[in-house]
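Here is the structure we will look at, set down as structure tokens.
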Amino acid sequence: MNHLIDILDLSVEEISELIAVANDIMANPEKYQEKCRYKKLATLFFEPSTRTRLSFEAAMMELGGNVLGFSDAASSSSSKGESVSDTVSVVSGYADIIAMRHPKEGAPLVAAMKSEVPIINAGDGGHNHPTQTLADLLTIYREKGDLNNLTIGFCGDLKFGRTVHSLIAAMSRYKNIKFVLISPNELKLPSYVKNDHIKEKNIPYVQTESLDDVIGDLDILYMTRVQKERFFNEEDYLRLKDSYILTPEKLKNAKSDLSILHPLPRVNEISTLVDEDPRACYFRQTKNGKYMRMALILKLLEVM
Ligand code: NCD
């Protein structure tokens, strides 16, 4: 059974194939509009989402398939105490493929052990978010024409930001990559991510609290939201939430071909004044997410 739980479940070659398919879907959408006829995607979202869930649903609809599911744990039987593995055993009898988001790290892996159909991790707690990474990779590829030879800055909540963890894992496999890790001391990248994907592979990296000091070095700036829902106390959140705010002023020292990414939702960390800057890629990035999810659904369902 094919599942996508961790971005490293896909080889670099498979990621290149997904990028090629996504680009082809963008160029020739009509070729794909019946590919998943009579297939059903279930979206099981135990945690809030706008882009991820709707882009999965739009992806399946644009492939001619159908969607079912829930967007709130309170409206599912988990509110009655049903376990994830029971929910998945049931739903895998109703759907051909399942995209699941859960606040508990590892829940999609548990689901994959039980499921008779492919499971896609659509975000598990502060752990991983591989389909956001697919969106990020297509965006970087389309903006830069390459996934090698890049200095990538990650800014904000590197501790709880699951999109950061997955993108670092993915980028660590390309050539001549440098990471710049920008966060307050309390929100530094977890040591397991740093050890497994940066130190282990001898990738050069810089760790700093100052965005201003490094902004001029970056080819990619990946901004993130401080993950309010993962804090244990509100005081810490309030103290850290506005640690970084990207403004046109700050961008004066950045490269003219910088690409600014953000998985969204944005709270305060990018001024809306930046949206008009041609270097702002985050709304293109959301569209790219839909095409990569279409390519992924085709791959996991083995539709040619
Ligand atoms: C991200 C997530 O859910 O981790 N959002 C998304 O899927 N686009 C980032 C976030 O919530 O900050």
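Source: prediction; values computed, not measured. When a ligand or atom number is given, it counts from 1 through the structure's own listing order. Numbering starts at 1 and runs along the sequence shown.
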task = Establish, for the pair Arg293 and Phe56, whether the NZ or CZ atom is under 6.0 angstrom from the six-membered ring centre and no further than 45 degrees off its axis.
result = yes
message = Between Glu143 and Tyr141 (side chain of the first, backbone of the second, donor and acceptor by atom type, cut-off under 3.5 Å), is there such a pair?
response = no
message = If the threshold is 4.0 Å, N to carboxylate O, is there a salt bridge linking Lys290 and Glu62?
response = yes
task = Run through ligand 1 for me and note each protein residue having a heavy atom under 4.0 Å from it, chain first, then residue number.
result = Arg51, Thr52, Arg101, His129, Gln132, Arg162, Thr163, Arg225, Gln227, Pro263, Leu264, Pro265
ask   = Any chance OH of Tyr94 has more than 12 other-residue heavy atoms, nucleotides or ligands included, within less than 6.0 Å?
value = no
ask   = Out of Tyr244, Phe154, Phe179, Tyr282, which one pairs with Tyr222 under the ring-ring contact (aromatic ring centres under 6.0 Å, His included) rule?
value = Phe154
ask   = Does Leu240 sit in a hydrophobic cluster with other residues, and if so which ones, taking ILVMFWY side chains as linked at heavy-atom separations under 4.5 Å, directly or through other members?
value = Phe160, Leu187, Val226, Phe231, Tyr237, Leu238
